[in-house]
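What follows is a single structure, written as structure tokens, with notes after it.
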Amino acid sequence: MEKVPIPLYYQLYLELKNKLIEEYKKGEKFLTELEMCEKYGVSRPTVRKALDELEREGLIERKRGQGTFYTGIKQEEELSKLTGFTEEAMKQGHKTYSLVLENKLVEIPTELIKEFGLPKNARVVLLKRVRYLDNEPYALETAYLNPGADIRVLNIIEKDMGKESLYQILTSEYGIRFSKAIETLEVTRLTKEESKYLSQKEGEPAALRTRYTYTDTNQCIEYVISIYRGDKYKFRVVRQV
């Protein structure tokens, strides 16, 4: 079979990607287009096409009149394991904290009455936070917690959830054991409110993730809606054969 030649711009994209990851720190200014043309002996259109690929992957940001900057590698989460945002980030060596927007009791949303097994006038815990990774906003997370599954979740409203991990509290402090989580992932665009919290422009692409989490007694204890920045986050799925 005849080998298909690799386009020059793609070869340059791979070269530049390796250079960024190996030699640059997040936020550092990258080479100019002219410097790349001279260094690699390629045309300006080839350089721009390679940069388009790097930008699409979220590795660089091009600022008009300022240059090109390395934005760092996207945070990756493996979906085959049930972990929280904090645990996943710390495992990869990142620092995390949260800006708590709401942490209070609210009337249960209609769509959760059946799943939570509660009456329509029941109260549940609402925890809404902006999740930060290395001082940058990465996700907007809205969680509803079911006191019918474990009454101790009511204590969450007394916790400092800007610093604490919800999953750490539920598993280590309360001893709650999870059996499964059912999740969906969709592509969406940021609303005006979401873009404000995530330091993005309205309409930018994002990942919408919803999750129902169940205890070992098959009770739904948590429903979470998360919006992740498309330029900062990615998911990895491991499928066993």
Side-chain angles (χ1 to χ4, degrees), residues 7 9-10 13-14 16-17 20-21 26 48-64 68-89 91-92 94 96 98-99 101-102 109-112 115 126-144 166-167 178 180-214 220 222-241:
Y9 84 88
Y10 196 79
Y13 149 74
L14 293 175
L16 295 177
K17 180 177 179 179
L20 281 166
I21 294 172
K26 186 177 179 180
R48 287 175 178 167
K49 204 166 181 181
L51 291 176
D52 286 343
E53 288 295 312
L54 292 170
E55 190 171 38
R56 183 183 63 80
E57 197 171 337
L59 288 170
I60 62 168
E61 181 181 6
R62 288 185 275 190
K63 298 180 181 179
R64 186 180 296 275
T68 301
F69 298 84
Y70 178 43
T71 57
I73 300 173
K74 286 186 178 182
Q75 168 71 2
E76 181 178 276
E77 181 176 341
E78 186 177 316
L79 293 182
S80 58
K81 298 177 181 178
L82 180 55
T83 57
F85 181 91
T86 303
E87 289 74 23
E88 191 69 31
K91 187 172 67 176
Q92 297 182 35
H94 298 289
T96 67
S98 299
L99 171 64
L101 303 177
E102 296 181 85
T110 304
E111 63 270 23
L112 293 180
E115 200 65 48
L126 166 63
L127 176 59
K128 185 174 182 178
R129 297 180 289 177
V130 182
R131 313 306 302 271
Y132 283 78
L133 214 166
D134 297 331
N135 295 317
E136 278 193 280
Y138 267 61
L140 178 62
E141 183 182 274
T142 303
Y144 292 93
L166 177 60
Y167 271 32
F178 301 130
K180 65 180 179 181
I182 298 175
E183 297 187 310
T184 60
L185 283 172
E186 300 176 59
V187 176
T188 187
R189 293 192 178 276
L190 295 174
T191 65
K192 185 176 182 179
E193 180 188 21
E194 292 164 351
S195 64
K196 178 182 70 174
Y197 288 124
L198 296 177
S199 301
Q200 294 284 282
K201 294 179 181 178
E202 183 179 356
E204 285 290 304
L208 168 62
R209 178 185 190 180
T210 61
R211 179 177 68 230
Y212 293 92
T213 307
Y214 297 83
C220 184
E222 175 198 51
Y223 173 65
V224 184
I225 307 165
S226 301
I227 301 288
Y228 295 88
R229 283 175 54 169
D231 66 328
K232 293 291 183 183
Y233 216 88
K234 64 181 179 179
F235 301 95
R236 182 162 64 100
V237 179
V238 179
R239 295 180 176 175
Q240 302 294 336
V241 178

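Between atom OH of residue Tyr70 and atom CG of residue Leu16 there is a gap of 12.5 Å, rounded to the nearest 0.5 Å. Put simply, NZ on Lys128 and CG on Leu99 are 11.0 Å apart, with the number rounded to the nearest 0.5 Å. Distance check: Arg209 CZ to Tyr228 OH gives 4.0 Å after rounding to the nearest 0.5 Å. With values rounded to the nearest 0.5 angstrom, Ile225 atom CD1 is found 9.5 Å from Leu140 atom CG. The CD atom of Glu193 lies 10.0 Å from the CG atom of Leu198; values are rounded to the nearest 0.5 Å. One finds the CZ atom of Arg131 at 15.5 Å from the CZ atom of Arg229 (value rounded to the nearest 0.5 Å).
With Arg211 as the partner, the salt bridge (charged side-chain N to carboxylate O under 4.0 Å, His left out) test is satisfied by one option alone out of Glu141, Glu183, Glu115: Glu183.
Ring pair Tyr144/Tyr223 is parallel by interplanar angle, where below 30° counts as parallel and above 60° as perpendicular.
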Task: Full working for side chain to side chain contact (heavy atoms under 4.5 Å, CB included) between Thr184 and Tyr212 - done: CA-CA 9 Å; Thr184 60; Tyr212 293 92; over 6 Å; no
- [ ] Test Val224 against Thr213 for side chain to side chain contact (heavy atoms under 4.5 Å, CB included), laying out the working first.
- [x] CA-CA 8 Å; Val224 184; Thr213 307; 5.5 Å; no
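A heavy-atom distance below 4.5 Å is not found between the side chains of Thr142 and Leu101. The side-chain heavy atoms of Tyr214 and Ile182, taken from C-beta on, include a pair separated by under 4.5 Å. Residues Leu166 and Glu222 meet the side-chain proximity criterion, which asks for heavy atoms closer than 4.5 Å. Two residues are said to be in side-chain contact when any heavy atoms from C-beta on lie closer than 4.5 Å; Leu190 and Ile227 meet this criterion.
Of all the heavy atoms in Pro137 and Val130, the pair that sits closest is CB-CG1, 4.0 Å.
Side chain of Glu194 to main chain of Thr191: a donor-acceptor pair is present (N/O by atom type, distance under 3.5 Å, no hydrogens or angles).
Residues forming a salt bridge (Lys or Arg N to Asp or Glu O under 4.0 Å) with Glu53 (at least two apart in sequence, or on another chain): Arg56.
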